[in-house]
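Structure first, then comments.
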Amino acid sequence: MIPPAGIAIAVMTVMLWIMWSDTIRARRPTPVLYAMRIAFFLIASGVLVLNMIRYPHLFGGGARFIAICTVVVGVLGAAYFALRLTRRA
């Protein structure tokens, strides 16, 4: 079983990689892809928050900190892609 801190680190790595790859890409993806990215970031953040509420005994001090950082990255990433989506129109 993967510990909660490992899951949070993996999710944060994927989120940061998606944001980084979007910034270096010369050609902008379609609006549907932006909407899917927003949904992924919000769903992943929501699942982490739900797990922290439902299973607080699994999250020690360090795991809780990493999970909260991941949730912040997810919300900020969703806001970033929402701005990119609205800026296209």
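Values below: every heavy atom of this structure, side chains too, minus hydrogens, waters and symmetry copies.
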Check whether any side-chain heavy atom of [X] sits under 4.5 Å from a side-chain heavy atom of [Y], and report yes or no.
X   : Y   : answer
L33 : T30 : yes
R64 : P56 : yes
I38 : L85 : yes

- Evaluate the criterion side chain to side chain contact (heavy atoms under 4.5 Å, CB included) for residue pair V73 and L16; output intermediate values, then yes/no. CA-CA 8 Å; V73 168; L16 291 174; 3.9 Å; yes
Transitive ILVMFWY side-chain link [X] to [Y], under 4.5 Å:
X   : Y   : answer
Y80 : V71 : no
Y34 : V14 : yes
I53 : L48 : yes
W17 : I7  : yes
M12 : F40 : yes

- Query: What are the two closest non-hydrogen atoms of R37 and D22, and how far apart are they?
  - Reply: NH1-OD1, 3.1 Å
- Message: Restricting to non-hydrogen atoms, name the atom on M15 and the atom on G74 that form the minimum distance, rounded to 0.1 Å.
- Response: SD-CA, 3.6 Å
- Are any side-chain N or O atoms of T70 and backbone N or O atoms of A8, one a donor and one an acceptor, separated by less than 3.5 Å?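 Yes, T70 side chain to A8 backbone: donor-acceptor pair under 3.5 Å.
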- Message: So does I18 get a backbone contact from the side chain of S21, meaning a donor-acceptor N/O pair under 3.5 Å?
- Response: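 Checking the backbone N and O of I18 against the side chain of S21, a donor-acceptor pair under 3.5 Å is found.
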- Task: Applying side chain to side chain contact (heavy atoms under 4.5 Å, CB included), name anything that partners I9, two or more places apart in sequence or on another chain.
- Result: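 Checked I9 against side chain to side chain contact (heavy atoms under 4.5 Å, CB included); matches are T13, I66.
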- Item | Set of ring-ring contact (aromatic ring centres under 6.0 Å, His included) partners for F41, sequence neighbours left out |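 With neighbours one apart ignored, the set is F81.
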- Apply side chain to side chain contact (heavy atoms under 4.5 Å, CB included) to the pair V47 and L50, showing each step before the final yes or no. CA-CA 5 Å; V47 166; L50 181 67; 5.6 Å; no
- Message: Rounded at 0.5 Å granularity, tell me how far CE in M19 sits from CD1 in I24.
- Response: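 The CE atom of M19 sits 13.5 Å away from the CD1 atom of I24.
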- Item | Gap separating the CG atom of L76 from the OG atom of S45, nearest 0.5 angstrom | 9.0 Å
- Message: Listing request: all ring-ring contact (aromatic ring centres under 6.0 Å, His included) pairs with a residue in residues 43-69, at least two apart in sequence or in separate chains.
- Response: none
- Message: Would you say that more than 12 heavy atoms from the other residues, nucleotides or ligands in this model lie under 6.0 Å from the CZ of R25, or not?
- Response: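 Above 12, so yes.
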